[in-house]
Each structure stands twice: as C-alpha cells, then as structure tokens.
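Notes follow once the structure below has been shown.
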Amino acid sequence: MTETAPFTTTSGTYLATLISLWLPRHGWKVAVPLIAVAAAGMIIPDERLILVALMLLFIVIPMGMSFLYTYYMLTPEARRAILPKRITIDPGKSLHLHYISAEDTEDKDENGEDANKFPIPEDEIISWSGIKRVRYTSRGCVYILDTPRLQFILVPYEAIPRGSVLAP
C-alpha cells in the first residue's frame, strides 16, 4: 500500500491531461475534415476551399475546444479532481481518495481565511475494477476511471514516495 503526499492538480494540468486522453480517441474527427478541405483546395486551385479550411481551423476548432471546456471542466467532478487530496493506493484492490481542507494545507487567501469556500467532499474509495487503465505521462501517473463521476485521477510524481509501487 502506498500513500501519496498531499497534492493538488491545477486546472491547466487537468485540461492538458484531458486533451491528451481525448485527442487519440476523437482527434481524427477534427483533423479529417480540415485536411480534406485543405487538400481539395490545393488540388483544385480554388481559394474558397482554402478559406473554408482556415475557417475550420480558426473558428470551428476553437468552438470545439470550448465545448470540451464546458462539458468536462465545469462539472463538480472536475472540481473534485483539482481539490487538495491524499490518495492511498492499494494495487489490485482500491484507491482511497482523502480530500483535504484548507486548514491542512496552505490554501488560504490574503486575509488568512479558507480560500476554498465550498464544502470538502467525503472520502471516496474506488475499487480496482473501476480503473480502466493506468497511464504514465510526463506529469504523473494517470488512473483512467470507469466511473460516471470522475474521468481520471492525475497523481503527480512529486506526491508519490520514492520506491513505491504505482500500479500492479
């Protein structure tokens, strides 16, 4: 069993990890129309097709990214994913998520009050069968979950004690 040090995930890191998980599965849906229209514009010398490709690139793709942001990042699950927490990893059995209040961390505003105005969620236990796979990235160990509430949990390498087992 391994217990991590208290850590938090920034929303930018959460979004970058989300995009790195989303692009391999759905990125071709974005790339194929853009490449097809740009190729057609090059083969058939027509500036209008190049203009359509540029509109796809600069208008449609950013709108898709804003959809990703609103669909995934503005959920209570995303908030729980970036809250300060400590995780107990029992490989092959479970992940125990222990959310930490601001009193236990240095997460205070300039007046010394709790910077997190929302209540801290109850501890969660995720069984190992609820984990689809474990992926190692440059930022940390990503536990991709098969639960409707959380998509994944990113555990930074700095929070994992040296010499511990990350996954079975």
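Please read all numbers here as calculations on a predicted model, not as lab measurements. Quick note: numbers below take in every heavy atom, side chains included, and nothing from hydrogens, waters or symmetry partners.
How far CG of L95 is from CG of D90: 9.0 Å, rounded to the nearest 0.5 Å. Going from atom CE of M42 over to atom CG of L49 covers 10.5 Å, rounded to the nearest 0.5 Å. Separation of atoms CG (L154) and CD1 (I82) is listed at 12.0 Å; rounding is to 0.5 Å. Residue L56 holds its CG atom at 10.0 Å from CG of L51, rounded to the nearest 0.5 Å. Interatomic distance, D46 CG to I43 CD1, rounded to the nearest 0.5 Å: 12.5 Å. In this structure, the separation between OG on S11 and CG on L18 is 12.0 Å, given to the nearest 0.5 Å.
Taking all atoms of both residues into account, the shortest heavy-atom contact from R139 to T17 is CD-OG1, 4.3 Å. Heavy atoms only, all atoms of each residue included: S94 and I125 are closest at CB-CG2, 4.0 Å. Closest non-hydrogen pair, P6 versus I100, comes out as CB-CD1, 3.5 Å. In this structure, R135 and S20 approach most closely via the heavy-atom pair NH1-O, 3.5 Å. The two atoms that bring M73 and Y14 nearest to each other are SD-CD2, 3.1 Å, heavy atoms only. Of all heavy-atom pairs spanning I50 and A38, the tightest one is CD1-O, 4.0 Å.
By the criterion of side-chain heavy atoms lying less than 4.5 angstrom apart, applied directly or through intervening Ile, Leu, Val, Met, Phe, Trp or Tyr residues, V32 is not grouped with I61; the two fall into different hydrophobic clusters. Hydrophobic clustering (side-chain heavy atoms under 4.5 Å, transitive across Ile, Leu, Val, Met, Phe, Trp, Tyr) groups L74 together with I19. Under a hydrophobic clustering in which Ile, Leu, Val, Met, Phe, Trp and Tyr are joined whenever their side-chain heavy atoms come within less than 4.5 Å, directly or via other members, L57 and V30 fall into the same cluster. Both L23 and M63 are members of a single hydrophobic cluster when ILVMFWY side chains are connected at heavy-atom separations under 4.5 Å. The cluster map of Ile, Leu, Val, Met, Phe, Trp and Tyr, joined by side-chain heavy atoms under 4.5 Å apart, puts I59 and L54 in the same cluster.
Residues F7 and E158 are not in side-chain contact: their nearest non-hydrogen atoms beyond the backbone lie 4.5 Å or more apart. Within the 4.5 Å cutoff, side-chain heavy atoms of I89 are placed close to those of P91. Looking at heavy atoms from C-beta onward, L15 lies out of side-chain contact with Y72 at the 4.5 angstrom threshold.
I87 pairs with exactly one of V155, I160, I126 by the side-chain contact (heavy atoms from CB on, under 4.5 Å) rule, that one being V155. Partner of E124 under the side-chain hydrogen bond (donor to acceptor under 3.5 Å, both in side chains) criterion, out of H96, R80, K85: R80 alone.
For M55, the CE atom is densely surrounded, since the number of other residues' heavy atoms within 6.0 Å is greater than 12.
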In sequence, state the C-alpha distance, the side-chain angles, and the governing distance for T88 and H98, and then conclude on side chain to side chain contact (heavy atoms under 4.5 Å, CB included).
-> CA-CA 8 Å; T88 303; H98 174 68; over 6 Å; no
Residue pair V142, R133: steps toward the side chain to side chain contact (heavy atoms under 4.5 Å, CB included) verdict = CA-CA 8 Å; V142 180; R133 67 181 191 269; over 6 Å; no
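In this structure, Y143 and W128 have perpendicular ring planes: the angle between them is above 60°, well past the 30° mark. Using cut-offs of 30° and 60° for the angle between ring planes, the W22 and H26 rings count as tilted.
Checked against the 6.0 Å centroid criterion, the rings of Y157 and Y136 do not qualify as a close aromatic pair.
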